[in-house]
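Taking it in order: structure first as structure tokens, then the write-up.
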Amino acid sequence: MSAPAFGPELMARLDELGRISGDQDRLNRQPFTPAHHAAIDRVAAWMQEAGMATRVDPIGNLIGRYQGLDSAAPVLLIGSHIDSVVDAGRYDGPLGILTGVAAVQALHDAGVHLPFAVDVVAFCDEEGVRFPTTFLGSKAICGTLDPAVLELRDKEGISVAQALTAFGGDPARLAEAAYAPGSIRAFLEVHIEQGPLLEAEERPLGIVTAIQGQSRLAVVLDGMAGHAGTVPMAHRRDALAGAAEAILAVERRCAASPDLVGTVGRIDAQPGAVNVIPGRAMFTLDVRAPNDTLRKAAVDEIVQTIQRIAASRGLGCTIGREHDQPATSCAPRVQRWLAQALRGEGVPVKYLSSGAGHDTMAMAEFCPAGMLFVRCKAGISHNPLESIAVEDADAAVRVVLRVLHDLAQPEASR
Ligand SMILES: [Zn+2]
């Protein structure tokens, strides 16, 4: 195998960008902060080196345009988010931006312009850590951002509109961030997998078929509080013991179906004393699947099981459905382009779904959208231990570059 042409520089840039943080000793890059500004300044310089004209749109997305031969042709949009979680890794988000920059740099170095323009975008906010909302940047580009989110506030009481204005954006011109319908040929996001499948199967890259849908429920079980010493076991209505049985039932049901995952992430018992039988237990439930029918059927079944467990223990049971997010299918044509490019680069084709949300979910409502996953060490993400191999980063750039070249062919599928 020849030496990786693009990998080392891409990794060095990811390292450099990973040092631009709002905190001294960890990566924390929240939207509309000085760290965000410094990061897009750095990326804009790289975009300009790659022959792109750069701009920051009214919501704070950085966009670099590599001009096409036909200025009327719909553009190919490549990108991901520049914001991070607190104490983040350096690849989640920036990989998708800098892979796009690297592919365009290769075109520029070769003096090649494609029939269509390529826009590389650094979305302002995907993680939703600072404000109680996500996808500010990608939704603005699609024209689907509800202006009401401008009034949402961070924990310091600063609204999105205030933070954006201080950043140099313009809440009043939000609508100008939207691309015209039909003006984006497709959106492509390269992202670390954030899961262990590619590594386990020794595949460097994977084509995402769908982003999982998600149901969130809140369960409350009501029993009877009582003295831990005086109430005999047979006379108890212990809400927490009922919750424990229910949680194991959730685990069993979700483990029985390979495409399903279910998590109880929070539990609370009241009154919460060492010598009192819990009279009330509350827990959350998060169920995800790439297929909405499968997810809904599983949730219905889990709800019935919990109700049965509660009834058998004499517990009251209230189950609230808090959130229902349908699965997002990645565009078949983008999956085809990626598969062709993987084969062209001699990389085995592997398909998988995404358990995490991504900007692609917002983009898919507006244009054909797809994702390429890059293997990451032990599936770790949202953690400074995030790690990818230079060879895999290199392969991702080669695949994106090949997609660009393939799409430039007159007979390219549309
Ligand atoms: Zn991400």
Side-chain angles (χ1 to χ4, degrees), residues 10-11 13-15 17-18 20-22 26-33 35-36 39-40 43 59-62 77-101 120-142 187-199 205-208 210-214 288 290 325 327-328 330 352-364 369-388 392-393 396 400:
L10 175 54
M11 296 297 273
R13 287 181 169 187
L14 286 160
D15 289 347
L17 195 54
I20 302 180
S21 168
R26 59 180 184 177
L27 176 53
N28 179 15
R29 201 163 49 228
Q30 299 304 314
F32 317 133
T33 58
H36 181 190
I40 63 172
V43 175
I59 192 71
N61 295 316
L62 168 67
L77 193 64
I78 302 174
S80 191
H81 58 98
I82 197 140
D83 68 321
S84 79
V85 295
V86 178
D87 204 11
R90 69 193 78 161
Y91 305 104
D92 178 353
L95 178 65
I97 303 164
L98 297 183
T99 302
V101 174
V120 178
V121 58
F123 294 119
C124 62
D125 163 78
E126 187 270 348
E127 298 287 3
V129 172
R130 180 171 180 186
F131 299 102
T133 177
T134 55
F135 307 139
L136 286 176
S138 42
K139 281 183 176 171
I141 278 181
C142 299
F187 171 69
L188 178 59
E189 181 170 16
V190 178
H191 203 283
I192 56 167
E193 181 200 348
Q194 301 182 274
L197 286 182
L198 293 175
E199 187 179 66
L205 304 172
I207 299 169
V208 179
I211 299 171
Q212 297 191 344
Q214 182 187 59
R288 303 187 196 205
Q325 167 79 47
T328 301
C330 290
L352 74 174
S353 68
S354 171
H358 296 288
D359 286 300
T360 295
M361 296 170 79
M363 295 303 302
M371 294 190 82
L372 180 69
F373 271 173
V374 176
R375 164 170 63 184
C376 61
K377 195 172 180 190
I380 294 169
S381 71
H382 287 188
N383 186 311
L385 295 175
E386 252 174 37
S387 175
I388 64 171
D392 296 356
V400 171

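Atoms within each ligand, like the ligands themselves, are counted from 1 in listed order.
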_Polar contact flag, side-chain donor to acceptor under 3.5 angstrom, D125-H81_ = no
_Which of the protein's N, O or S atoms come within less than 2.8 Å of the Zn ion (ligand 1), not counting waters?_
H81 NE2, D92 OD1, H191 NE2
*With the side chain counted from C-beta on, respond yes when R29 and S21 share a heavy-atom pair under 4.5 Å apart, and no when they do not.*
no
*asked:* For the CE atom of M361 and the CD1 atom of I211, what is their distance to the nearest 0.5 Å?
replied: 5.5 Å
_For F373 and H358, take the angle between the two ring planes, folded into 0 to 90°, and tell me which bin it lands in: parallel under 30, tilted 30 to 60, perpendicular over 60._
perpendicular
*asked:* Show me the pairs that pass salt bridge (charged side-chain N to carboxylate O under 4.0 Å, His left out) and involve residues 352-362, at least two apart or across chains.
replied: none
*Could you tell me which non-hydrogen atom of A327 sits nearest to which non-hydrogen atom of P290, and how far apart they are?*
CB-O, 3.3 Å
